[in-house]
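Note that these values count all heavy atoms, side chains included, but never hydrogens, waters or copies made by symmetry. Lettering of chains follows the sequences in order, A, B, ..., and the numbering in each one begins at 1.
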Amino acid sequence: MQTRIKIVVIICSIVVMSMFGFCFALVPLYSTFCKITGINTALRVNEFESQMDQTRTIRLELIANNNANLPWIFYPLKATVLVHPGALNKIIFFAKNNSKKSMTIQAIPSFAPLNAAYYFHKIQCFCFEQQTLKPGETKYMPVIFRIDSRIPYDLSTISLAYTLFDVTQKVARTAT
Amino acid sequence: MTQNHKSMLALISRWLFTTNHKDIGTLYLILSGIMFFIGGIMAMMIRIQLYRPGITFIDPNFYNQLVTLHGLIMIFGAIMPAFVGLANWMIPLMIGAPDMALPRLNNWSFWILPFAFLILLSTLFLPGAAPNFGWTMYTPLSTTYGPPSTDFLIAAIHLLGISSIIGAINIIATIINLRTPSMTYMKMPLFVWSWFITAFLLIIAMPVLAGVVTMMLFDRHFGTSFFNAAGGGDPVLYQHLFWFFGHPEVYIMILPGFGIISEIIPTFSRKKIFGYTFMVLAIASIAFLSFIVWAHHMFTTGMALSAQIIFMYTTMLIAVPTGVKVFNWVATLFRGAITFETPMLFAIAFVILFSIGGFSGLMLAVVPADYQYQDTYFVVAHFHYVLVTGALFSIMAAIYYWLPKWTGHYYNETLGQLHFWITVVAVNVTFFPMHFLGLAGMPRRIADYPLQYTDFNQIISIGAFVLGLAQIIFLYNIIRTIFYGKKATSRVWEGAQGLEWSIASPAPYHTFQT
């Protein structure tokens, strides 16, 4: 092979290898980029307006999901609650580990509409930490929250869904 | 061993071990033709299913498999190998090189392909479903819910990627090193320029596809969670990575077509191409822009508004260099001594119909409009206009244009024109009503639809059947030309310019030997 051709082949091969590596590097790069620029993170409003507004009532619909056939029973005690903006509220979810082994879960919240998250201020939530239940064990898990009284008028109904993810293996791995 | 056996073996080993760029170009084109008809049969089955509402012909799961494989086969099996085949045949002839720079690798990069497609198509006949999640292979459909055959798909994609990358390196090495001494970069024919830039897109984009399907494989079998939310991953990350490959990929499928059209229009207008430098710059800037627009495929994934706006603007920016190209083609036609042979007819149809595809692309680029069009038949109409009347028409134009040089015979002009007119009418009957269906809200990738969409779907199906049948004329005309037909002169076309027309027709097995 001519030297000049060899050089082209070597340079191109380096490009190919580095692009293959770059694809894997993008996994952490994307999250770093989003963190730095603040894109796609539901940043909370810093100051919080907690003046109670009894003239308004917001309908909060609670949804409980299990990810990927998680053998847990999980539901809210009340599927719908009516709350005033600014008032302190408490809702309770019930969870039971129906499997034959001790399991750890992490709950991930999701709001619909998405921008409701900006006005939803959680003081205590079972989603703040992982929950471990022994086989057959049950637990009542509370969420204490306020809704910002500056919440726009078009947000009269909010759906809040929690999905339970099984993190037992992940916890075991980091522990060892 | 009888004489027959010996000659049979000689024939097989000639094609199996060939390092001649013309042989390999022919092999690529034959493979592409086979894949085009296989993908076409799948399209016909899809259109039979959609002729009437209701599950009339095939069950929905098999329908999904057909949609997936139709996409993969047409993209990786028909369009890309056809362009690589044309590159193999024409680039050495156009730049006065005796062969490609790396002939052995060239042989390898072709012979990987039949095996890759064997693996891919075997999924249809294995127990369980073939890949059924669309050619975009979105997670978790392809990871958590993917059928076992997804692993075959991943293997096939890896092989296709290796083949494309080797082919691209070969083209770059050839163009940089083997040009005839007097041919500077800015004297290269536009087809060579377009392939030079496409080859760079290939070596940058294909490894990303290889990486992303590798992650998919890891998620499926090795317990990683790149795309699995339960393990801290993100399914949307898959879309980001896939489209970072995917958008350059769609330009890989159109830039060589731009090059072909830029060869054909000057020949039949008997004029030089208008604004050569701008044509080169336009290709280069389209190639650059292709890397910063990927998120327009995923406006509805809940991206930040600022990101949506940035991607909308970069996407709309692509219209500028593309517009430059269209204007320059039209300016080349202006006051030319135009004749309408079949390649020219396809080239003019390309300019008009590809522009329609470009306009619907602009409509899709507008974020608020895209929320409405996302995942409807409008998108199907858009990408079929750019891929069928764009990429495929340019390939057909190229085949008619260079066939006399390859075979030494003129094709039958009457049959060629017949093929063109049936195709150009049928293609519009097939794909234009899809715009209306999409605007009316018919989603993509459904095996059944509500009654109100029936009329347009029947028109589309009829157009599709005619379009499919018309390609038999094309196939017959090509095969006929190989054996019969008027002897072609070495110049072939009266207005043809360039080195490839200075050698005899058919092109001798060895050319520009030093």
Any side-chain heavy-atom pair from [X] and [Y] closer than 4.5 angstrom?
X	Y	answer
Thr214(B)	Phe24(A)	yes
Tyr30(A)	Leu241(B)	yes
Met19(A)	Phe245(B)	no

Does [atom1] in [X] sit with more than 12 non-hydrogen atoms of other residues, nucleotides or ligands closer than 6.0 Å?
X	atom1	answer
Trp108(B)	CH2	no
Phe288(B)	CZ	no
Tyr185(B)	OH	yes
Phe128(A)	CZ	yes
Gln372(B)	CD	no
Asn69(A)	CG	no
Tyr371(B)	OH	yes

Answer with side chain, backbone, both or neither: which region of Phe200(B) has an atom nearer than 4.5 Å to a non-hydrogen atom of chain A?
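For Phe200(B), neither part sits under 4.5 Å from chain A.
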With a 4.5 angstrom heavy-atom cut-off, is it the side chain or the backbone of Ile203(B) that approaches chain A, or both, or neither?
both
Quick check for you: to the nearest 0.5 Å, what is the distance between [X] atom [atom1] and [Y] atom [atom2]?
X	Y	atom1	atom2	answer
Ile176(B)	Cys12(A)	CD1	SG	6.5 Å
Ile169(B)	Ile11(A)	CD1	CD1	11.0 Å
Leu178(B)	Gln2(A)	CG	CD	7.0 Å

With a 4.5 angstrom heavy-atom cut-off, is it the side chain or the backbone of Asn67(A) that approaches chain B, or both, or neither?
side chain
Structural part of Phe20(A) lying under 4.5 Å from a heavy atom of chain B
both
Give the member of Ser225(B), Ala168(B), Gly233(B), Pro207(B) that has the highest number of heavy-atom pairs under 4.5 Å with chain A.
Pro207(B)
What residue in Ile204(B), Ile172(B), Ile165(B) has the most heavy-atom pairs under 4.5 Å with chain A?
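So the answer, after comparing Ile204(B), Ile172(B), Ile165(B), is Ile204(B).
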Ala173(B) versus Val8(A), closest heavy-atom pair with distance:
CA-CG1, 3.7 Å
Pairing residues for Tyr162(A) by the ring-ring contact (aromatic ring centres under 6.0 Å, His included) criterion, not counting sequence neighbours
Phe93(A), Phe126(A)
With side chain to side chain contact (heavy atoms under 4.5 Å, CB included) as the test, would you mind laying out the steps for Val27(A) and Met215(B) before giving the verdict?
CA-CA 10 Å; Val27(A) 178; Met215(B) 289 180 201; 3.7 Å; yes
